[in-house]
Amino acid sequence: MGNNGKPTVGIFGFTGCAGCQLNILNLEDHLLDIISLVDITSWVMAKAENDDGPWDVAFVEGSIAKSTDIERLKKIREKSGVLVAIGACATHGGLPALRNLADTDEWKKEVYGDDYERIDAIDIKPVSHYVKVDYSLPGCPMDKAEFVEAVKALLIGKTPYIPQYSVCGECKAKENVCLLKEGKFCMGPVVQAGCDALCPTYGAACEGCRGPAPEANWAAEVEILKKIGATSEDVKRKFLKYCPSVADMEEFKELEF
Amino acid sequence: MSPPYVMKRTDIKKLVEAASNEYDVFGPVKKRSKHVFGKIDNPDNLVMDYDSTILSPRKYFQPQNEVMMSFDLEENKVEDTLDELRAMRPRLLMAVHSCDLNGILHLDRVFGGEYTDKYYFARREKTTIVGINCLDSCEYGFCRSMNTHHVVEGYDLFLTPISGDRYYVQVGTAKGEHLVHMARDIFQEAGPEDFGAFKAALKHKNESLPHEVDVEGINEYLDLSFHHEFWDKMAEDCVNCGACAMVCPTCYCYDVVDDLDLSLTSADRTRKWDACLFQEFALVAGGHNFRESPAARFKYRFYHKMRGFAHDQGILGCTGCGRCTAACPSDISIKDVLKELSGIWEVAPTAQGGK
Amino acid sequence: MVQLQIKKENVYVPDLAKLIKKRKMTEWETLFTFEFVEGRMKDLFTYKPGQFVQLSMFGIGEAPFSISSSPTKRGYLELGIRKTGDVTNKIHELEVGDVVGIRGPYGNGFPTESLKGRDILFVAGGIGLVPLRSLINYVIDNRDDFGEVTIFYGTRSPDLLLFKDELAAWEALDDIDLHVTVDAGDDDWKGNVGVVTTLFKKKKFKTENLSAVVCGPPIVYKFVVKELLDIGVGKDQILLSLERKMKCGVGKCAHCQIGHKLTCIDGPVFTLFQVEQMQEAI
Amino acid sequence: MTESIDIKHIARVEGHGSLYVTTKDKELVDVKMAVDEGARLFEAFLRGREYTEVPEMACRICAICSASHRVASTKAVEKAMGIKVDQQVVDLRRLLVWGEYIESHILHALYLALPDYVGHESVISAAADFPEVVKIALKLKKLGNDMQILTGGREVHQVSTAVGGFTSYPTHQTLDEIKERINEARADLQKCLDVWATLEEPDFERKTTYVSIKRDDEYALVDGDLITSEGHRVPVEKYKEIIGEDQPAYSFAKSGVHDGHGFFVGALPRLNNNTDQLSPFAKKALSQLGIKLPSYNTFHNNAAQLIETAQVFDMAIDTIDALLKSDLEWHEFETVPKAGFGTHITEAPRGSLVHSYEFGDDGLLKKADIIAPTTMNYLNMEEDVRALYPSIADLPRPELELMLNRLIRAYDPCISCSCHVAEVK
Ligand SMILES: Cc1cc2nc3c(=O)[nH]c(=O)nc-3n(C[C@H](O)[C@H](O)[C@H](O)COP(=O)(O)OP(=O)(O)OC[C@H]3O[C@@H](n4cnc5c(N)ncnc54)[C@H](O)[C@@H]3O)c2cc1C
Ligand code: SF4
Ligand code: SF4
Ligand code: SF4
């Protein structure tokens, strides 16, 4: 608790696009309410005066992309009661973790030229690989509504809820025309719901930014996608796009494409 | 009994226009290449002749998300939303197919009974339904097999397309009669020739709707095949997405959640569509899951559909609308499941439920 | 006993009830005593042993709990609740005077009428004693209506035993034969050690007039049922109180469906015979 | 005496950057803008991706200007493949970008910059003293976000904009509604301008090269040629003639160089380069804030953002009117991949943004060059620090640091966005 009796909150960004933090600022209708309920004592993106904890709740955004990040993350964990990983980078590595699957040196060279060795770029693991994560809000970016739900749940003392099924369930409840049936590469059948099927609702196929749904039946999805003409390469590439840490999952390793 | 009428098909527009003064009108409209039930603000958008809609009309009686009551956490006050519901503008639901009218009758039974669900019936009472006869079969439906291709109740008006670009109009209730009177001049009382045209339409329907699946004895098949490996095989393709349950006119399971207001001083209790295909559906505190495997959940949906309703309502819970097949990303077809099921029954019936 | 029907506009709306007593039984289980806020509810709310209520923690959620008090005691309701999740954690934070929502009673309850005149064997595993306690105290309060009464009760360890005072009181009664066991004892434990089925070795039953009433975690049913069948209790005289996920309590949300039956309105008490007809029941 | 002034983790900017200043006896010896971001290697992992995926992934470079990245990237892809889009699509993209401008400019000017002018550490603490401005700011920001949602489906990393078109269209009704809200919000923006007019701008001037895009027929934000304030104008494909990149040894922040010195991209450069094309509301705002163009005061960049917000209000109404006249019937579209080069420069709210691609005939990306505005500004920031330092050298340390902070913040830097930057070991 802060000195005004409100729970203290720290919001931290690691390597990423700052979109999850921005999405907190984008809560125009709720921001003043949230500020009245909690004491945000650390948030470099929005405040000039930031203290050193401890925090009742820490929200952590971004990929752990360089070696110094690990220490910083551990310090935050030590000083936080509850740690919430927000966004695909923190929950599943995010786009930057694509380098785990490639020759990082070659990539560094492509972007930074011959002096690339000075770039500190470690393989990217989810935040939960390094420290205990109490809750995860997936997505690229994290869903604003889910963030508000999590804040409320933590304040009143219940478990922040994320639906334990795939996007198709939500997509159908919204009565969208199925894009898979139109022959588009939709990952909805195996991707974690909770976004209210945002992309299909806007006519765009699910890109899988929220990571796999629990018990995702990948083998069936591979079959489905092949039926609409996708190659094994397409499937593999897309499965790993926003959530490259999936490559480390046993189920994924066993999958035949 | 009210006399039947006939009307010009093109006069549907006039009916909708007249009704709009009193009702919010809903009916099939186009969505990309498909149809959905939607609000009709412009009668030109209403599609009377459509294949099927993505969701069934269930959404008008049991919406995807429904606030049941609100709590004032500081004063410990509970207030339900029934009064609000009852103050709702009356609704007119156009062009509901027979299978869906039967679906609504199923829901009437589920939500009625000893513990009547007032939310459902508040919506139901506010709604006037104009049904429409399908004379030709749709892409995925198999209503004939499920005996839902005709209706004797559940509609307020029922239209059958007949020759001369007209509808033969049956009046089912006083609500229907009321609707007729809102646009009385477009309806003519049916004469003997119209009756002939009506009969011809029914004859056409009788010849064109196929009988595709034999569900005779399905209750027994289901019990006897309960432990059959068939289910595991069928479930291999299922991604447990619940799409089949969402679109089904007779799936009604729901989950209940309390949504807190950000001030943490009030909350809404909301129910939202759930599906027995979901992992947490039968999961209880402490981690025991009464339907642990995805296959168990896949099987259960069929079991409940075809067996569960038979128990207390003496009927099958499927209307043969085919929506689940249309919606399934894995193209699992309920017709195929039913056919294969009767197939294994022929091969290996045992008292223990086959192997 | 006549079941008074509470006529309510909306079955889902709970009535307010106030916590009047809180008694910690184990680290995880506490006995809560509630009294309806509205005076008339005290008379209107009648129930049978084995029925349950839906308890609302406003803003958190609602969950089903068996009524643990006996209907012979009027004016209050006792619920024995284990801390296991969001709703139950919050319930444990309640203080005397706090208000919750309660609706019910739901479920069929135990068939008290047809049990009359019969010998009864109660078998409770762990928290299963909570609903059975209602019937046990009902039987004690109407002792002349029933034959021989035996209670088998087992928990994992002595510190998990519920209703310790009451166990002592039952023990003291001549016309109740109580046997308690724990899976593993501790230094102070002098009683039986072993799972609840081991108690069957302790006693010979005459089974022609015997009814068994069983409640416990899923695993208990499997083994207890086997023992009961072995000693010759009829399938329709074995009564099981089942547990399933529940949201509405009144047969609408379908979460508690077992095979073709609904635990909330067709149960939670079923005979073994019925249970065997229900797919995936135990 | 040698002193170092280290401003680690400049606050209230997007991303992580630090400023290191070394002085000796109050004379400035060295200035370094350093970046504390980890490397993400966008240009590397975009290679091998399908052309349809490239804009969707590329917009993740930066959340704050994701719409600009999305549009610049999409247009670069379309140029490479010769894909044509119809006027509705052009207008929808414009409307998306106008939404982003409103959102981003309000966020920066009123949430991130304003607290400095009124002596607060953040908008959160400022909310106590200026509740009305903060509420208006929230409302305006929401308007900008809702415009992005209406066109792109989401305010951050849009979902419905694709190569070749949009996967869904807004309706006439929703466009009408947003138009009405924009018109209503004029009064709100006016209140913000009224407040800003009372603020004191730091006194500072340094002439540099101002780079932006330019069109002859309108205030260029989405399309145009690349131009410098000295009048050098090239088609965007020849961006390298104007934008050079230099990699200083101490940092992996490549910096923009032009003729051997830094240059400035952003709202103020655009105002300077496009003065004659300002809309009525923007002109009024300009004169109310008393800024004479061309202005060489970097701090004016904050006010310039508010003036541009007014500009975008007017442009948005025009765009919506054009859309309202069209049928807005969504139709399926198909695109065919082809080998080729494509470059596009969009003005993101914080400056010119380059996406330049090469594709193979399989439609997979072969090479990408992406230069974000903040990257371009680094060198200019350092040059500004040198120029400002003498006038603030005597200030007490906290005030001195505050001024340096404010100077950097005035650029509205988006460090996460500068994808050519990374912390060095
Ligand atoms: C007929 C019946 C009688 C019961 N009697 C008792 C009792 O006397 N004492 C006791 O401690 N517990 C009893 N339970 C179990 C009790 O309902 C659960 O422990 C409780 O629902 C857990 O809720 P939670 O919110 O704390 O847990 P969470 O895991 O957070 O559960 C979330 C929600 O899921 C549902 N749910 C979860 N577990 C169960 C479950 N086992 N049964 C039904 N719904 C569940 C509830 O709606 C609950 O609110 C009974 C259950 C049933 C069906
Ligand atoms: S569009 Fe995608 S998410 Fe929606 S139902 Fe089809 S496959 Fe599932
Ligand atoms: S089970 Fe399938 S075919 Fe039957 S009513 Fe439901 S959606 Fe229609
Ligand atoms: S729609 Fe198909 S894949 Fe999804 S749960 Fe139903 S049967 Fe399984």
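Throughout, protein chains are lettered first and strands after them, A, B, ... in sequence-line order, and every chain is numbered starting at 1.
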Peer 1: Is it the side chain or the backbone of D/Lys135 that comes within 4.5 Å of chain A heavy atoms, both, or neither?
Peer 2: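 Contact with chain A: side chain only.
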Peer 1: Short question: side chain of D/Lys141, backbone of A/Leu25 - any donor-acceptor pair under 3.5 Å?
Peer 2: yes
Peer 1: Is the count of non-hydrogen atoms from other residues, nucleotides or ligands lying under 6.0 Å from A/Glu106 atom CD greater than 12?
Peer 2: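 For A/Glu106, atom CD is crowded (more than 12 foreign heavy atoms under 6.0 Å).
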Peer 1: State, yes or no, whether a side-chain contact exists between A/Leu22 and D/Glu103 at a heavy-atom distance under 4.5 Å.
Peer 2: yes
Peer 1: Could you check if a side-chain atom of A/Leu179 sits within less than 4.5 angstrom of a side-chain atom of D/Thr167, using non-hydrogen atoms only?
Peer 2: no
Peer 1: Which answer fits A/Ile35, side chain, backbone, both or neither, if we ask what part of it has an atom under 4.5 Å from a heavy atom of chain D?
Peer 2: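 Answer is side chain: those atoms of A/Ile35 sit under 4.5 Å from chain D.
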Peer 1: Using heavy-atom distances under 4.5 Å, tell me whether D/Gln158 contacts chain A through its side chain, its backbone, both, or neither.
Peer 2: neither
Peer 1: Need one label for A/Gln21: side chain, backbone, both or neither, based on atoms under 4.5 Å from any heavy atom in chain D.
Peer 2: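 Interface part for A/Gln21: neither.
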Peer 1: Just how far is it from atom CD of A/Glu49 to atom CD1 of D/Ile124, taken to the nearest 0.5 Å?
Peer 2: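 One gets 11.5 Å once the value is rounded to the nearest 0.5 Å.
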Peer 1: Measure the shortest side-chain to side-chain distance between A/Tyr202 and D/Ile149 over non-hydrogen atoms and say whether it is less than 4.5 angstrom.
Peer 2: yes
Peer 1: With the side chain counted from C-beta on, respond yes when A/Asp29 and D/Lys142 share a heavy-atom pair under 4.5 Å apart, and no when they do not.
Peer 2: yes
Peer 1: Report yes if some heavy atom in the side chain of D/Glu50 is under 4.5 Å from a heavy atom in the side chain of A/Asp234; otherwise report no.
Peer 2: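 A side-chain contact exists here, since the closest heavy-atom pair is under 4.5 Å.
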Peer 1: Looking at chain A, which one of D/His157, D/Lys139, D/Lys367 has the largest number of heavy-atom pairs inside 4.5 Å, strictly under?
Peer 2: D/His157
Peer 1: Quick one: what part of D/Leu402 sits under 4.5 Å from any heavy atom of chain A, side chain, backbone, both or neither?
Peer 2: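 For D/Leu402, there is no contact with chain A at all, as no heavy atom is under 4.5 Å.
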Peer 1: Let me know if A/Tyr242 has heavy atoms under 4.5 Å from chain D in its side chain, its backbone, both or neither.
Peer 2: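 Contact with chain D: side chain only.
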Peer 1: Looking only at non-hydrogen atoms, find the nearest pair between D/Ile64 and A/Cys17 and report the distance.
Peer 2: CD1-O, 4.2 Å
Peer 1: Would you compute the distance between atom CG of A/Leu98 and atom CG of D/Leu41 and round it to the nearest 0.5 angstrom?
Peer 2: 10.0 Å
Peer 1: Please look at A/Ile122 and chain D and tell me whether the side chain, the backbone, both or neither of the residue comes under 4.5 angstrom of a heavy atom of that chain.
Peer 2: neither
Peer 1: If you measure from CE on D/Met57 to SG on A/Cys140, what distance do you get to the nearest 0.5 Å?
Peer 2: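 Here the interatomic distance stands at 9.5 Å.
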Peer 1: Would you call D/Glu155 and A/Asn23 a side-chain contact if the rule is heavy atoms closer than 4.5 Å?
Peer 2: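 In short, these two side chains touch, coming nearer than 4.5 Å.
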Peer 1: Give the member of A/Pro141, A/Cys209, A/Pro96, A/Ala204 that has the highest number of heavy-atom pairs under 4.5 Å with chain D.
Peer 2: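 Result: the option with the highest number of such pairs is A/Pro141.
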Peer 1: Kindly compute the distance separating CZ (D/Arg40) from SG (A/Cys89), expressed to the nearest 0.5 Å.
Peer 2: 7.5 Å
Peer 1: Strictly below 4.0 Å, N to O, side chains only: are A/Lys184 and D/Glu332 in salt-bridge contact?
Peer 2: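 Answer for the salt bridge query: yes.
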